[in-house]
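Data first, discussion second: the structure below is written as structure tokens.
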Protein chains: 4
Amino acid sequence: MLLEIDHHSGVPIYRQVMDQIRRQIVAGQLPESEQLISVRELAEQLKVNPMTISKAYTMLELEGFLERQRGVGLFIAKLRKDQKGQTKIRLLEQMLARAVATAVQLEIPEEKTRQIIARLYQKHGFPLRSHSDD
Amino acid sequence: MLLEIDHHSGVPIYRQVMDQIRRQIVAGQLPESEQLISVRELAEQLKVNPMTISKAYTMLELEGFLERQRGVGLFIAKLRKDQKGQTKIRLLEQMLARAVATAVQLEIPEEKTRQIIARLYQKHGFPLRSHSDD
Amino acid sequence: MLLEIDHHSGVPIYRQVMDQIRRQIVAGQLPESEQLISVRELAEQLKVNPMTISKAYTMLELEGFLERQRGVGLFIAKLRKDQKGQTKIRLLEQMLARAVATAVQLEIPEEKTRQIIARLYQKHGFPLRSHSDD
Amino acid sequence: MLLEIDHHSGVPIYRQVMDQIRRQIVAGQLPESEQLISVRELAEQLKVNPMTISKAYTMLELEGFLERQRGVGLFIAKLRKDQKGQTKIRLLEQMLARAVATAVQLEIPEEKTRQIIARLYQKHGFPLRSHSDD
DNA sequence: GTGGTCTAGACCACA
DNA sequence: GTGGTCTAGACCACT
């Protein structure tokens, strides 16, 4: 599991961990039912406090993305196929909703917003990847 | 000047004040060179402590959106014409960048993102002014 | 009397007025025993509050640079010849003392400080003026 | 870290703290990447309210001299090598500029200013380290 | 009237 | 443990 922590972003570390794991799960990058790397190990990898990782794991469990097996560890939850798709759209919509609300207040037309979106997609090199599962 | 404070959002009050005033300035909703509502008055309106408002004003002054006249009050700074436009785009890009980064990781194609954007714009009744059926 | 007020410098206006008048007096740019421009008039010229000018005048009177003739107005005080010279040096020394203290802490050598001084003098075009009264 | 607060100078305490820390950083007296003394501790040392120290730290962070690590503390920022030198010169120039502007208006020749500078440097026992007769 | 500073004390998020 | 936020209330400088 590859995670990147930005200590200067202002975003709490436990949130960065949550967001990245959640995304990897719904993106299917983390195989279902597999055991998660342990709190201690991940903490060591990322050079952060174990309590921070523990907090992230606990909250992801509350959200239903992780399942705890007492005495064993945490596992990726099995999500129904449509659940994944729904979550993906929901996560994206949340972020876009705030962006569009801002754009509307600033009277930035949809066309301009589209241009920015297009540029950002290009920057991420997305067109090169296949997206047949949508 | 209309401001809305959400005491339960977790976002510091002074930041909510900053963000809303900054946006109103770059959106041209606050006329240049005009005196701002006073610290005490806004504090009373919003039912918060004057220091909280003072902090927001001070930070906006540091950012260059407000100008102080000692003993008189704070005024909307005159921004160069291009500065406003740049700030508007910058504010929007910040929000979109995170959204697109998420979309790419979730393998949501640009077309789908566009659809969501379009729907959100419609919901806000945009384009403004050019239609008469509002 | 020519005064320039910088509303954005952070220096209180009454201080800017004091400093400039004081300097003009010891520089001999204001003829001795002449009546000062009235509070109201100067306030109008500079577009500032009359109380601000009044405060500056009062403090200069306390410093001995102005003399009040009740019912008439304020006049430039007659300074003994050596007083002017002493005041000039004192004013300069005060400012230089703080600068050198800083330079020493920052380990900036005297030579570098001299260079900066020389550049600043050139910028003011000083070498062009005669300075035979020293 | 040694700081001295003058409660009667009229200069806000948080500014005195900022100025002294900033100078110590660019003077290299505070080692890079080292953790700063905590807000509470410094507040206790100086017998002032923690918020006062917090304000100074926050502003220095905005200026780029300090870096925050959430939940851990504040650290001296790593400055590019030339940044330090530039800041040193900038700090000194600011003070000298006002002094020379005064000197020019008072028609004090550069030579006289140099003499005062030289005397002040001697008083501070500069040049440092290169002499052994201290 | 304006904003700026400071205090004492509370509560919170983060690691 | 760390810093961040907010309050209520005081005092000050400036115009």
Side-chain angles (χ1 to χ4, degrees), chain A residues 5 7 10-17 39 43 46-56 59, chain B residues 5 7-8 10-17 35-43 46-61 66-75, chain C residues 5 7 10-17 39 43 46-56 59, chain D residues 5 7-8 10-17 35-43 46-61 66-75:
Chain A
I5 301 302
H7 287 274
V11 181
I13 295 175
Y14 83 94
R15 266 207 155 286
Q16 295 186 39
V17 173
V39 166
L46 303 180
K47 306 230 173 63
V48 302
N49 192 308
M51 294 254 310
T52 307
I53 304 299
S54 178
K55 182 169 184 177
M59 296 188 75
Chain B
I5 300 303
H7 288 272
H8 304 293
V11 181
I13 296 174
Y14 83 93
R15 273 211 154 282
Q16 295 185 40
V17 172
Q35 185 163 3
L36 264 186
I37 177 174
S38 82
V39 168
R40 288 163 174 80
E41 205 171 335
L42 183 54
L46 303 181
K47 306 261 168 53
V48 300
N49 189 293
M51 264 201 90
T52 306
I53 303 300
S54 180
K55 184 169 183 177
Y57 280 11
T58 301
M59 306 288 271
L60 284 169
E61 192 209 347
L66 300 183
E67 280 179 0
R68 235 182 10 197
Q69 275 189 244
R70 306 190 54 157
V72 181
L74 282 155
F75 296 75
Chain C
I5 300 302
H7 287 272
V11 181
I13 295 176
Y14 83 93
R15 264 206 157 287
Q16 294 186 39
V17 173
V39 166
L46 304 180
K47 305 231 172 63
V48 300
N49 192 307
M51 293 256 309
T52 308
I53 304 299
S54 177
K55 182 169 184 177
M59 296 189 75
Chain D
I5 300 303
H7 288 270
H8 305 295
V11 181
I13 296 174
Y14 83 93
R15 273 211 155 282
Q16 295 186 40
V17 172
Q35 185 163 3
L36 264 187
I37 178 174
S38 82
V39 168
R40 289 162 172 78
E41 204 170 337
L42 183 54
L46 303 181
K47 305 257 168 56
V48 300
N49 189 292
M51 265 200 89
T52 305
I53 304 299
S54 181
K55 183 169 184 178
Y57 280 11
T58 301
M59 305 289 271
L60 284 170
E61 192 208 347
L66 300 183
E67 280 178 1
R68 235 184 7 197
Q69 275 189 245
R70 306 190 52 157
V72 182
L74 282 154
F75 296 75

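Computed over heavy atoms, backbone and side chain alike; hydrogens, waters and symmetry mates excluded. Just so it is clear: chains get the letters A, B, ... in the order the sequence lines come, proteins before strands, and each one is counted from 1.
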Exercise for the section: Identify, between C:N49 and B:R15, the residue whose nearest nucleotide on DNA chain F lies closer to the 5' end. Expected result: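 Residue closer to the 5' terminus by nearest nucleotide: B:R15.
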
Handout entry: Residue mapping more 5' on DNA chain F - nearest nucleotide basis, D:Q35 or B:G71
Key =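 With B:G71 and D:Q35 compared, the 5'-side residue is D:Q35.
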
Can you tell me the distance, in whole Å, between the [atom1] atom of [X] and the [atom2] atom of [N]?
| X | N | atom1 | atom2 | result |
| --- | --- | --- | --- | --- |
| D:I37 | F:dG1 | CD1 | P | 15 Å |
| B:H8 | E:dA13 | NE2 | C1' | 18 Å |
| D:M51 | E:dC11 | CE | C1' | 13 Å |
| D:Q16 | E:dT5 | CD | C1' | 12 Å |
| A:H7 | F:dG3 | NE2 | C1' | 17 Å |
| D:L66 | F:dT2 | CG | P | 16 Å |
| B:Q69 | E:dG4 | CD | C1' | 17 Å |
| D:Y57 | F:dG3 | OH | P | 7 Å |

Between [X] and [Y], which heavy-atom pair has the shortest distance, and what is it?
| X | Y | value |
| --- | --- | --- |
| B:V39 | B:S54 | CG1-N, 4.1 Å |
| A:P50 | A:A43 | CA-CB, 3.6 Å |
| B:R68 | B:L74 | CG-CD2, 3.3 Å |
| D:Q16 | D:I5 | OE1-CA, 3.5 Å |

Respond yes when some side-chain nitrogen or oxygen of [X] is under 4.0 Å from OP1 or OP2 of [N], and no when none is.
| X | N | answer |
| --- | --- | --- |
| C:T52 | F:dC14 | no |
| C:Y14 | F:dT15 | no |
| B:S54 | E:dG3 | no |
| A:K55 | E:dA15 | no |

Checking contacts here: which listed nucleotide ([options]) is nearest the side-chain heavy atoms of [X]?
| X | options | answer |
| --- | --- | --- |
| A:I13 | E:dA15, E:dT2, F:dT7 | E:dA15 |
| C:P12 | E:dA15, F:dC14, F:dT7 | F:dC14 |
| B:S38 | F:dG3, E:dG3, E:dC14 | E:dG3 |

Practice task
Would you kindly compare B:E41 and D:K47 by the position of their nearest DNA chain E nucleotide and give the one closer to the 5′ end?
Solution key: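 Its nearest nucleotide lies further toward 5', so the answer is B:E41.
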
Problem - Distance in Å, B:L42 CG paired with B:I53 CD1, rounded so as to fall on 0.5 Å steps - result: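 Answer rounded to 0.5 Å: 4.0 Å.
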
Handout entry: Base paired to E:dC6 (Watson-Crick or G-U; both N/O distances under 3.5 angstrom)
Key =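 Matched E:dC6 with F:dG9 under the 3.5 Å cut-off.
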
Practice task
Just name whichever nucleotide pairs with E:dC14, Watson-Crick or G-U, keeping both distances under 3.5 Å, else none.
Solution key: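 Looking at the geometry, E:dC14 pairs with F:dG1.
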
Practice task
Just call it for B:R40: base, sugar-phosphate, or nothing, with non-hydrogen atoms closer than 4.0 Å on any strand.
Solution key: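 Base contact.
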
Exercise for the section: Under 4.0 Å between any heavy atoms, over every strand shown, what does B:V48 touch: base, sugar-phosphate, or nothing? Just pick one. Expected result: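 The answer is sugar-phosphate, as B:V48 gets under 4.0 Å only of primed atoms, P, OP1 or OP2.
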
Handout entry: Under 3.5 Å: donor-acceptor pair, side chain of D:Q69, backbone of D:Q35
Key =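 No, D:Q69 side chain to D:Q35 backbone: no donor-acceptor pair under 3.5 Å.
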
